[in-house]
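Working notes, beginning with the structure itself.
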Amino acid sequence: MGLDRPALVSGRGALRVLSRIVAAYLLALVGVSLLNAVAPRQTGVLGLLPILAPHLFLVGLLLLVALLPLAVRGRDFLLLGSLTLFVIVTVIRFGDEWVSLPSGGAPDSSLRLVSWNLELGARSPSQAVDALLRLDADVIALQELTNDAAAAIEADPTLRARYPNQVLAPDASVLGIGLLSAYPITQDEVTSEPVLMTAQLDLGGGRQLIVLNAHPLPGNIGSLSFDARRRDADLDRVRVRIEALLRGEVPFIVIGDYNVASSEPAYGRLAEGLRDVHREVGFGPGWTWRPNTFEGFGIGLLRIDYVFAGTGVTPRAMDVDCRLPGDHCILNAAVDLPPTVTH
């Protein structure tokens, strides 16, 4: 039994309406992306949309997979054009981030780094120490380091033997920060507004490395509002430090929780002149943060924690571990440095 003509016409009409809605959605994403690229917004809905952009574009990709065959068969040129433009913009915006491939693993000579926001109240001091002992790293950068967690780190003999060089600046709030190093720390400095730590390591053989570990506070997010002006001002202060390091001769790493999504315009200003280790050698989206409600899923939903390679540093490997409780995942990175540094 075939379909009667009114039903067939009705079905085609519904598909046509759906194709127009999808085309409008895709074109809106493209338009907002272009608008934020040309005139970035720090406040309001337009300031919030870039944070959600990875997920909005993923929805668009799902729609593409579902509707492309129908668009081709029906010769729906409006939808085909929208899909094509959308794919081009998606590749430009997220291609190197979502499909970056590992370099084949890090050799034993690589320097291994970890960045971890402990999250205030997410675990006991003993649980934090146990987790740190399971990490395979030469240098560990910590954010939201509390006083009791810092005391437990200092008191643990195994952790102290593995990381005899420590700079801990704990705080009762989210402003604590710290660095654990298997290598001697020859210089260090901790500042506030934003919370920022710099430490120079002696890697032996004439090699030095500066580690910049920072934790600017997030922007203010409401139900449908966003204000990133304070955060962006903090990121600008971090950028001043980065500019000074770029002018120097000592290799350096920028690491930590920067509370800026990789899809936001402020990320581009922060990362300019640096090599985003995930983009170069990571796999997948590299999302590092999730609301506490989603901890049990073992995944992140936004990328706001970073390892950037500065002058003289080559990314080798990167992965994200989201298995532990807390709103932040653990970043594991490996980099290579020149065999010697000439001054």
Side-chain angles (χ1 to χ4, degrees), residues 54-55 58 94-119 122-123 127-144 159 162-163 178-183 209 211-215 251-263 267 270-271 274-291 294-310 313-337:
H55 308 285
L58 282 175
F94 301 106
D96 61 343
E97 183 170 1
W98 287 352
V99 299
S100 53
L101 300 176
S103 64
D108 293 338
S109 58
S110 294
L111 183 75
R112 301 178 185 274
L113 305 115
V114 161
S115 180
W116 189 21
N117 183 318
L118 296 168
E119 191 195 1
R123 69 201 81 248
Q127 289 172 327
V129 168
D130 289 342
L132 291 171
L133 287 170
R134 292 194 294 270
L135 298 176
D136 180 17
D138 303 302
V139 178
I140 300 176
L142 299 173
Q143 304 89 40
E144 297 195 24
L159 204 56
R162 189 178 300 175
Y163 303 103
L179 192 76
L180 312 181
S181 173
Y183 295 97
L209 176 71
V211 178
L212 188 161
N213 174 25
H215 183 209
F252 68 94
I253 288 287
V254 176
I255 194 169
D257 170 14
Y258 289 85
N259 277 307
V260 59
S262 57
S263 51
Y267 163 86
L270 174 68
L274 306 176
R275 301 174 69 177
D276 186 328
V277 177
H278 169 75
R279 281 186 182 270
E280 292 206 15
V281 297
F283 181 77
W287 293 334
T288 65
W289 178 89
R290 66 283 179 99
F294 293 90
E295 288 179 12
F297 294 96
I299 59 172
L301 292 176
L302 286 176
R303 193 162 81 96
I304 63 173
D305 304 83
Y306 301 97
V307 180
F308 295 111
V313 179
T314 303
R316 291 292 297 178
M318 182 79 180
D319 69 74
V320 178
D321 184 351
C322 299
R323 293 173 294 179
L324 292 180
D327 57 357
H328 285 262
C329 307
I330 297 173
L331 276 66
N332 299 286
V335 299
D336 287 343
L337 287 89

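We number each residue from 1, following the sequence as shown.
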Going by the rule ring pair (Phe, Tyr, Trp, His ring centres under 6.0 Å), which residues pair with Phe308 if we only count those two or more places apart in sequence or in a different chain? Tyr306
Side chains of [X] and [Y]: does their closest heavy-atom pair fall under 4.5 Å?
| X | Y | result |
| --- | --- | --- |
| Ser115 | Gln143 | yes |
| Met318 | Leu331 | yes |
| Leu302 | His55 | yes |
| Arg162 | Ile140 | no |

Contact summary for [X] and [Y], nearest pair of heavy atoms:
| X | Y | result |
| --- | --- | --- |
| Leu274 | Gly310 | CD2-CA, 4.1 Å |
| Ala309 | Val277 | N-CG2, 4.1 Å |
| Pro251 | Leu337 | CB-CD2, 3.9 Å |
| Ser181 | Val139 | OG-CG2, 4.2 Å |
| Arg290 | Gly326 | NE-O, 2.8 Å |
| Asp336 | Arg316 | OD2-CD, 2.9 Å |

Output the distance between atom [atom1] ([X]) and atom [atom2] ([Y]), rounded to the nearest 0.5 Å.
| X | Y | atom1 | atom2 | result |
| --- | --- | --- | --- | --- |
| Asp319 | Phe283 | CG | CZ | 12.0 Å |
| Arg134 | Ile330 | CZ | CD1 | 8.0 Å |
| Leu113 | Leu209 | CG | CG | 7.5 Å |
| Leu159 | Leu135 | CG | CG | 9.0 Å |

Excluding sequence neighbours, so at least two apart, what forms side chain to side chain contact (heavy atoms under 4.5 Å, CB included) with Arg323? Asp321
Suppose we screen for side chain to side chain contact (heavy atoms under 4.5 Å, CB included). Which residues come up paired with Val320, at least two apart in sequence or across chains? Thr288, Cys322, Cys329
Pick out which of Asn332, Val307, Leu132, Leu142 makes a side-chain contact (heavy atoms from CB on, under 4.5 Å) with Val114. Asn332
Checking Asn213 side chain against Gly178 main chain: does a donor-acceptor pair fall under 3.5 Å? yes
Over 60° means perpendicular and under 30° means parallel, so classify the ring planes of Phe94 and Trp98, tilted if in between. parallel
Checking Asp138 now: which residues fulfil side chain to side chain donor-acceptor pair (under 3.5 Å) with it, not counting sequence neighbours? none
Under the rule for side chain to side chain donor-acceptor pair (under 3.5 Å), what residues qualify as partners of Arg275, not counting sequence neighbours? Glu280
Not counting sequence neighbours, which residues clear salt bridge (charged side-chain N to carboxylate O under 4.0 Å, His left out) with Asp276? List them please. Arg279, Arg303
For a quick test of your reading: what N or O donor-acceptor pairs under 3.5 Å do the side chains of residues 256-263 make, sequence neighbours left out?
from, atom 1, to, atom 2, distance (Å)
Asp257, OD1, Asn259, N, 3.2
Asp257, OD2, Asn117, ND2, 2.9
Asp257, OD2, His215, NE2, 3.1
Asp257, OD2, His328, NE2, 3.4
Tyr258, OH, Ile255, O, 2.9
Asn259, ND2, Pro216, O, 2.6
Ser262, OG, Glu97, OE1, 3.3
Ser262, OG, Glu97, OE2, 2.6
Ser263, OG, Pro50, O, 2.4

